[in-house]
Protein chains: 2
Amino acid sequence: MAPTRRSSSKKERRQESEKLILSAAEKVFAEAGFGGATMQLIADVAGLPKANLHYYFPTKESLYRQVVQNIFQIWLQAADIFDAADGPAEGIGAYIDAKMEISRRHPEGSKVWASEVMHGAPVIQDYLETTLMEWTAGRADVIRRWIDEGRMDPVDPDHLLYMLWATTQHYADFGHQIETLNGGAPLSDDQWEAAKASVKQIILRGIGALD
Amino acid sequence: MAPTRRSSSKKERRQESEKLILSAAEKVFAEAGFGGATMQLIADVAGLPKANLHYYFPTKESLYRQVVQNIFQIWLQAADIFDAADGPAEGIGAYIDAKMEISRRHPEGSKVWASEVMHGAPVIQDYLETTLMEWTAGRADVIRRWIDEGRMDPVDPDHLLYMLWATTQHYADFGHQIETLNGGAPLSDDQWEAAKASVKQIILRGIGALD
DNA sequence: GTGGTTCCTGACCGTATGGTCAAATTCAGA
DNA sequence: TCTGAATTTGACCATACGGTCAGGAACCAC
């Protein structure tokens with residue numbers, strides 16, 4: 001007799017459950033904020049009893065922390081593109097593309113992160129002070145090198161990075177506003193491409209990396 | 001006998017109380033979000049008993065709505081600068097200055113607005129669909145005219161506006177992150193000027209309005 | 001003063017929330 | 001098949017929340 005479709009191990013099942021809960025939590029936290037989200041609603045979205053959530057994540061805060069950490073990891077990976085690049089037009093352009101794509105594919109995560117930072121980063125302050133600070137310093141060094149090599153205008157690297165974050169994440173965090181101004185419809189594929197192109201054009205030209 | 005300092009009329013006293021409550025509410029809503037904010041905490045910050053808040057604002061939502069509307073009004077006023085301008089460098093430059101100044105002076109309001117929009121604008125959806133939509137269309141027309149007159153590069157006006165909002169409001173909404181990356185200290189006067197200059201330089205040069 | 005209106009506030013209420021727990025069920029390995 | 005560990009879940013609890021209300025205080029026109 002062929003083995004019935006039951007090949008998932010204990011650990012696999014645990015990971016699946018955690019992923020299901022984390023996905024539901026990300027959605028609910030993004031829509032309602034930490035304070036407005038309820039474990040009951042997250043449980044409903046996940047299709048599980050509330051008590052089951054507390055088995056995998058002892059507290060609401062521990063669940064929230066895991067959601068925020070996951071988003072941070074996704075963003076850090078987008079940084080690889082930056083580093084692998086040869087010059088500002090390629091590196092920053094690819095970074096904008098990557099972050100715009102994340103805003104499109106993971107808008108909930110971006111919102112949770114924004115909410116967390118806006119509220120003073122009570123949960124991930126240590127990440128800001130360590131990982132993010134190092135990352136920022138490293139990227140600023142790269143930008144300064146490009147400037148020294150005459151491959152882009154002299155601009156403050158920190159403020160350039162802020163602008164990159166702000167513009168790309170805006171399409172996720174303020175997606176509802178953009179959708180409303182777009183006549184109530186989400187941006188189409190073409191409109192997303194136009195958005196990417198606009199952002200890249202203005203910023204890359206703005207730092208003198210397109211000539 | 002000189003009149004004792006008691007010259008406030010009934011209406012004035014009412015307005016003062018409302019302003020006190022609104023100010024406290026703006027702070028608390030910004031720090032905790034709508035769901036996380038409590039009437040008790042707002043009352044404590046305002047130095048009033050909780051029941052007194054409900055005398056001036058019957059529900060938490062009505063108080064919140066008033067806070068959001070106030071912010072929106074402040075932003076709309078910044079638009080006047082845009083209209084009074086002669087060309088893109090002057091108009092957009094002044095608009096950036098004005099919005100950066102608002103981010104500096106009213107960061108709480110900006111955060112409340114961001115939070116509201118991120119959560120799907122449950123309270124001010126009608127504002128988005130009417131006032132903001134009209135405002136955006138009007139400003140896009142102005143930008144298109146500047147483009148037609150050859151005073152700036154052809155860029156999508158909507159995406160340019162999004163970029164202006166994103167970059168300027170970022171300094172309020174993500175102020176905590178910026179402060180952390182700045183070594184834990186708020187931006188100094190000089191740093192704010194540098195921020196304004198960087199944003200203006202990159203965007204104005206990026207749209208070809210500086211040549 | 002006096003009557004009436006506005007303003008203020010402590011005490012209270014129904015509800016919803018985060019979290020607990022013990023009993024029941026499932027599952028892997030011997 | 002048996003056993004112990006992992007998992008699932010309904011019922012439950014203490015707390016905190018938004019909101020109410022009645023009674024008192026302050027104020028103003030006459």
Side-chain angles (χ1 to χ4, degrees), chain A residues 3-22 24-29 31-68 112 115-116 119 122-123, chain B residues 3-29 31-68 112 115 119 122-123:
Chain A
T4 54
R5 250 208 173 284
R6 168 160 303 281
S7 54
S8 57
S9 74
K10 217 95 191 251
K11 277 205 171 162
E12 280 169 348
R13 288 178 63 90
R14 178 166 197 111
Q15 281 187 344
E16 274 176 28
S17 292
E18 287 179 353
K19 233 170 207 166
L20 179 68
I21 294 169
L22 284 168
E26 182 177 284
K27 195 176 296 185
V28 173
F29 281 133
E31 284 173 3
F34 179 81
T38 68
M39 293 297 273
Q40 185 61 62
L41 183 53
I42 295 172
D44 291 346
V45 170
L48 296 172
K50 189 185 68 161
N52 203 351
L53 265 63
H54 280 100
Y55 175 74
Y56 286 101
F57 299 92
T59 67
K60 184 184 179 185
E61 191 181 312
S62 67
L63 173 55
Y64 174 76
R65 171 176 282 119
Q66 193 61 55
V67 169
V68 175
V112 175
S115 199
E116 163 71 6
H119 299 352
V123 163
Chain B
T4 53
R5 251 207 172 283
R6 168 160 304 281
S7 55
S8 57
S9 75
K10 218 92 192 258
K11 276 205 170 163
E12 280 168 348
R13 287 179 62 89
R14 179 168 195 107
Q15 281 186 346
E16 273 175 28
S17 291
E18 286 180 354
K19 233 169 207 166
L20 179 68
I21 294 169
L22 284 168
S23 173
E26 182 177 284
K27 195 177 295 184
V28 173
F29 281 134
E31 284 173 1
F34 178 81
T38 70
M39 294 297 274
Q40 185 61 61
L41 184 54
I42 295 172
D44 291 346
V45 171
L48 298 171
K50 189 184 67 161
N52 204 352
L53 266 62
H54 280 100
Y55 175 74
Y56 287 100
F57 300 92
T59 65
K60 183 184 179 184
E61 191 181 312
S62 66
L63 174 55
Y64 174 75
R65 173 177 280 117
Q66 193 61 54
V67 169
V68 175
V112 176
S115 199
H119 299 352
V123 164

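Numbered from 1 within each chain, the chains take letters A, B, ... in sequence-line order. Every value quoted in this text rests on a predicted model; they were computed, and no experiment measured them.
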Just to verify, what does [X] make a side-chain hydrogen bond (donor to acceptor under 3.5 Å, both in side chains) with, not counting sequence neighbours?
X        : answer
B/Ser17  : B/Tyr56
A/Glu116 : A/Tyr64
A/Glu61  : none
A/Gln40  : A/Asp44

- Note on the structure: Picking from C/dC8, C/dC7, D/dT7, the nucleotide nearest the side-chain atoms of B/Arg14 would be C/dC7

- Please tell me which of the listed nucleotides, D/dG10, C/dT9, D/dT7, lies nearest to the side chain of A/Pro49? D/dG10

Quick one: [X] [atom1] to [N] [atom2], roughly how many Å, whole number?
X       : N      : atom1 : atom2 : value
B/Leu20 : C/dC7  : CG    : P     : 15 Å
B/Leu48 : C/dG10 : CG    : P     : 11 Å
B/Asn52 : D/dG18 : CG    : P     : 16 Å
B/Tyr56 : C/dT6  : OH    : P     : 12 Å
A/Leu53 : D/dT7  : CG    : P     : 15 Å

- Item | For B/Tyr55, all residues meeting side chain to side chain contact (heavy atoms under 4.5 Å, CB included), sequence neighbours excluded | B/Arg14, B/Asn52

- Under the side chain to side chain contact (heavy atoms under 4.5 Å, CB included) rule, collect the residues that match up with B/Ser62, sequence neighbours excluded. B/Phe57, B/Pro58, B/Thr59

Just list the side-chain donor-acceptor pairs under 3.5 Å for residues 19-26 of chain B, sequence neighbours left out, or say none.
none

- Give a yes/no answer on whether the side chain of A/Tyr55 brings an N or O atom under 4.0 Å of OP1 or OP2 in D/dT7. yes

Grab the N/O contacts between the protein and nucleotides 21-24 of chain C below 3.5 Å, and write none if there aren't any.
none

- What is the nucleic acid contact for B/Phe57, judged by heavy atoms within less than 4.0 Å: base, sugar-phosphate only, or nothing? nothing

- Query: Under 6.0 Å from the NZ atom of A/Lys60, do we count more than 12 heavy atoms belonging to anything else shown?
  - Reply: yes

Pairs: protein N or O with nucleotides 16-18 of chain C N or O, under 3.5 Å:
unit_1	atom_1	unit_2	atom_2	d
C/dG18	OP1	A/Ala37	O	3.1
C/dG18	OP1	A/Lys60	NZ	3.1
C/dG18	OP2	A/Met39	N	2.9
C/dG18	N7	A/Lys50	NZ	3.0

